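Everything below concerns the one structure shown next.
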Amino acid sequence: MSRLEISIQEFRDIAEKILGIAAEYLESLDARPVFPGSNGDEVNGHFEGELPEKGSGKEALERLVEVVRHCRCQNGRFFGYVLGSGEPIAATADLLASVLNQNVTAWRSGPAAITIERTVVGWLAQAIGCASHTGNLTSGGSAANLMGLAMAREAKLFANERGLRDMPQAVVYASDQVHMSIPKAVALLGIGRANLRIVPSDGECRMIPQELHAAIQEDKKAGRVAAAVVASAGTVNTGAVDPLMKIAEIAHGNDAWFHVDGAYGALAAIAHPDKFAGLQMADSISLDPHKWLYQPLDCGCLLFRDAGVAQAAFSHTGDYARSLSADPVESFAFFEESLELSRRFRALKLWLSLRYHGMAAFREAIQDDLAHAQRLAAAIRRQRELELVEPVTLSAVCFRYRGKHAPDDLNRLNAEILKNVVQRGRVYLSNASLAGTFYLRACFVNHRTKDSDVDAVIREVLAAAKEAVSS
Ligand SMILES: *Cc1c(COP(=O)(O)O)cnc(C)c1O
C-alpha cells in the first residue's frame, strides 16, 4: 500500500479537526481584528521552514492555528477592495469538490460536474437578464476579461493562426476608469497597450459615448481597426456603470466586439436590473461570483452570446482529447470554449450555495449592500470634516478627510489615516485614486455587515484622523 494512503477513520479525524478550526474561526470572526497585526519576520518565522523529508502526521495540523492567526479576517467590517465574504455553505462544498476531484474538461470526464457548471452558468446569465448567453466559470475576472478579449481578437482579426503581424493595427477602447486587467489582457494578446485607447469619462466616472465615437472615427480614418470596446459595469473605483446601451450601439455600429467588464458590479443586476440596461447586448461579459455572490475564491465567470466564437477562439483539440461522441450533451467540452483544459469543480459550491439559500436571499443580501453604501454616504454627508465622492451608484463609497484646518497635502494625510484605520483593526478600508486625489474607499460586498458595522467606519476614520493630525 502506498504510504500516501490513509484509512477512512484517519480521514474522518483529520476532516473533523479541520472542521473544528474552521468553525472556531467563524465563531470568533466578529471579535477578531480585521488585520492580524503580523509583521513579515514573524510570519516568515512561522511558515518558512525546511522542506520536510519525513512527515509529522497529525502534528502537521498544529500549525494551522497560526495560519488562522495570521490571516486577514473577513468579518462584517471588512470593506477593502472588492472581496466577497466567503459564504460558508459554499466553503463546505469546496472540500467535497476536492475529494471528488473531477476534472471539468468534458462531459465524459465528469458528467455531473459538467452538467452542474452548465446549469449554474445558465442561472447566472438568467439572473442578470442575459438568458441567451452561455459561458463558463473561470479563476476570476482577470481570466474572464482575457478570454473575452481573446474572443474579440479572433472574431475581428482572425489572429490565432497567423498572429497580428500582417494585420491592420487593431484598437481596443475603454474608459480612463478601466480595471488594470484590461491593459494586461491587451498586452498578453499581442494587441499592445499602446493600442488601448483610453476614452475620457464624465464627472460621474462614466465613459463619454461621444468621445468613444470620435476616437473610433479618428482611428478608422487612419486605417486602424476598431476591434473591441470594453465597458465597465461598474468601475472598481467608484462603482460607476458606463452607459451600456449607447456604447453597445457605437461598438456594433462600427463592427467592434462589445465586452462588459462586470467583475465588480454586474451581479448587482440581480437586485437592480434597471442600473444595467443594455447589458444583454454585450458579446461577452465578465462576472465574479467570488465578489458579489459571496462565494469563496475562486469563482469568476465569462458569458458570451455566441458559443461558436468561443470555439473559434479556444478550440484546438489534440487527438488524445477529441470527443468520440456525437451526442449533443455527452460530446460537450469546456476546453473547446475556454483557455483552460484541467479545470476545478468550481460550480459545486455555487450550485450548493444557491440551492441552499435560494436566489431571494442573495438578492436581499445585494440590496443590503447597496443600502449600506447609501447609509455610509449619508453619514459622510453629515460630517463636515469628510468629503464624499458623488454619486454612489453601487456599493463602493469613496471619501476623504478634509478637517477644519486641513494641511496642504491632503493626499498624504489621508494615506496616513488609511494606515491608522487598518492598524486599529476594527474596520478594513482600501483606497482609490481619482484624478490624482487619494480617497479612502469602502466597498460593500459582504453578507455579514450590519448597520452598526457601517456606522463604525466614520467613528474609526475620525479617530484615525485625530491620530494622524496629532502625530
Ligand atoms: C476584481 C475586478 C477584476 C479582476 O477580477 P479578479 O477576479 O480579481 O481576477 C476586473 N475588473 C473589475 C472591474 C474588478 O472589480
Side-chain angles (χ1 to χ4, degrees), residues 72 74 78-86 90 121 124 128 135-150 152 172-189 196 198-199 201 205-207 228-242 244 247 258-269 275-276 279 282 284-303 338-340 343-344 346 349-350 366 369-370 373 392-398 430-434 441-446:
R72 199 177 57 195
Q74 274 178 277
F78 184 90
F79 307 124
Y81 321 105
V82 190
L83 182 53
S85 34
V121 168
L124 292 178
I128 61 166
N136 51 65
L137 299 182
T138 65
S139 63
S142 299
N145 283 336
L146 176 62
M147 282 168 53
L149 288 182
V172 175
Y173 303 81
S175 92
D176 52 22
Q177 294 297 308
V178 74
H179 187 269
M180 64 175 172
S181 56
I182 295 296
K184 194 186 271 191
V186 167
L188 291 174
L189 290 167
L196 176 61
I198 297 298
V199 180
S201 53
C205 294
R206 297 171 306 190
M207 185 194 286
V229 178
V230 178
S232 304
T235 63
V236 70
N237 282 334
T238 64
V241 180
D242 285 337
L244 303 178
I247 294 173
F258 178 40
H259 176 75
V260 174
D261 179 2
Y264 161 32
L267 285 165
K275 288 185 194 283
F276 300 89
L279 187 60
S284 52
I285 307 170
S286 299
L287 302 175
D288 253 346
H290 66 214
K291 289 176 174 168
W292 224 342
L293 270 184
Y294 318 104
Q295 296 298 299
L297 295 157
D298 56 15
C299 193
C301 179
L302 180 70
L303 297 178
S338 161
L339 64 78
E340 295 179 331
R343 301 168 72 253
R344 181 177 166 72
R346 293 186 182 105
K349 60 186 166 200
L350 190 50
I366 293 168
D369 285 322
L370 293 164
V392 175
T393 307
L394 297 178
S395 69
V397 183
C398 293
S430 56
N431 61 282
S433 189
L434 294 171
R441 178 176 164 288
C443 185
F444 299 88
V445 284
N446 190 334

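Values below: all heavy atoms of this structure, side chains included; hydrogens, waters and symmetry mates excluded. Ligands are counted one by one from 1 in listed order, and the atoms in each one are counted from 1 as well. Since we're looking at a predicted model, the values are computed, not measured.
Taking distance alone, with nitrogen or oxygen atoms compared against 3.5 Å, Val82 stays at or beyond that limit from ligand 1. Polar contact with ligand 1: absent for Thr235 (N/O pair, distance under 3.5 Å). For ligand 1, the polar-atom distance check finds no N/O of Ser139 at less than 3.5 Å from any of the ligand's N/O atoms.
Here the options are Val445, Leu124, Asp288, the test is side-chain contact (heavy atoms from CB on, under 4.5 Å), and the partner is Leu293; only Leu124 passes. Tested against Leu146 for a side-chain contact (heavy atoms from CB on, under 4.5 Å), the candidates Thr138, Ile182, Leu339 yield a single pass: Leu339.
For atom 7 (O) of ligand 1, the closest non-hydrogen atom on the protein side is Asp288 OD2, 2.6 Å. Closest protein heavy atom to atom 6 (P) of ligand 1: Gly141 N, 3.3 Å. Protein heavy atom nearest atom 15 (O) of ligand 1, with residue, atom name and distance: Lys291 NZ, 2.9 Å. Among all protein heavy atoms, the one lying closest to atom 10 (C) of ligand 1 is His179 ND1, 3.2 Å. The nearest protein atom to atom 13 (C) of ligand 1, hydrogens excluded, is given as Asp261 OD2, 3.4 Å; this is a heavy-atom distance.
The contact set between ligand 1 and Ser181, taken as ligand atoms under 4.0 Å from a residue heavy atom, comprises 10 (C). Atoms of ligand 1 found under 4.0 Å from any heavy atom of Ala263 (numbered from 1 in listed order, with element): 2 (C), 3 (C), 10 (C), 11 (N), 12 (C), 14 (C). Remark: ligand 1 atoms within the under-4.0 Å shell around heavy atoms of Gly140 are 7 (O), 9 (O). Numbered from 1 in the order shown, with element, the atoms of ligand 1 that lie under 4.0 Å from a heavy atom of His290 read 7 (O).
Look at Met180 and you'll find every heavy atom at least 4.0 Å from all atoms of ligand 1.
Rounding to the nearest 0.5 Å places SG of Cys301 at 7.0 Å from CG of Asn136. Between atom OG of residue Ser284 and atom CG of residue Asn145 there is a gap of 8.5 Å, rounded to the nearest 0.5 Å.
Residue Phe258 comes nearest to Ala282 through the heavy atom pair CD2-CA, 3.5 Å, listed as atom of the first residue, atom of the second, then distance. Across Gln295 and Ala90, no two heavy atoms sit closer than the pair OE1-CB, 3.3 Å.
Classification of the Tyr264-Trp292 ring pair by plane angle, with boundaries at 30° and 60°, yields parallel.
Remark: side-chain polar atoms of Lys349 are paired, donor with acceptor, to backbone N or O of Pro296 under 3.5 angstrom. Listed for the Arg441 side chain is no donor-acceptor partner under 3.5 Å among the backbone atoms of Ala396.
Residue Asn145 touches ligand 1 through its side chain alone, judged by heavy-atom distances below 4.0 Å.
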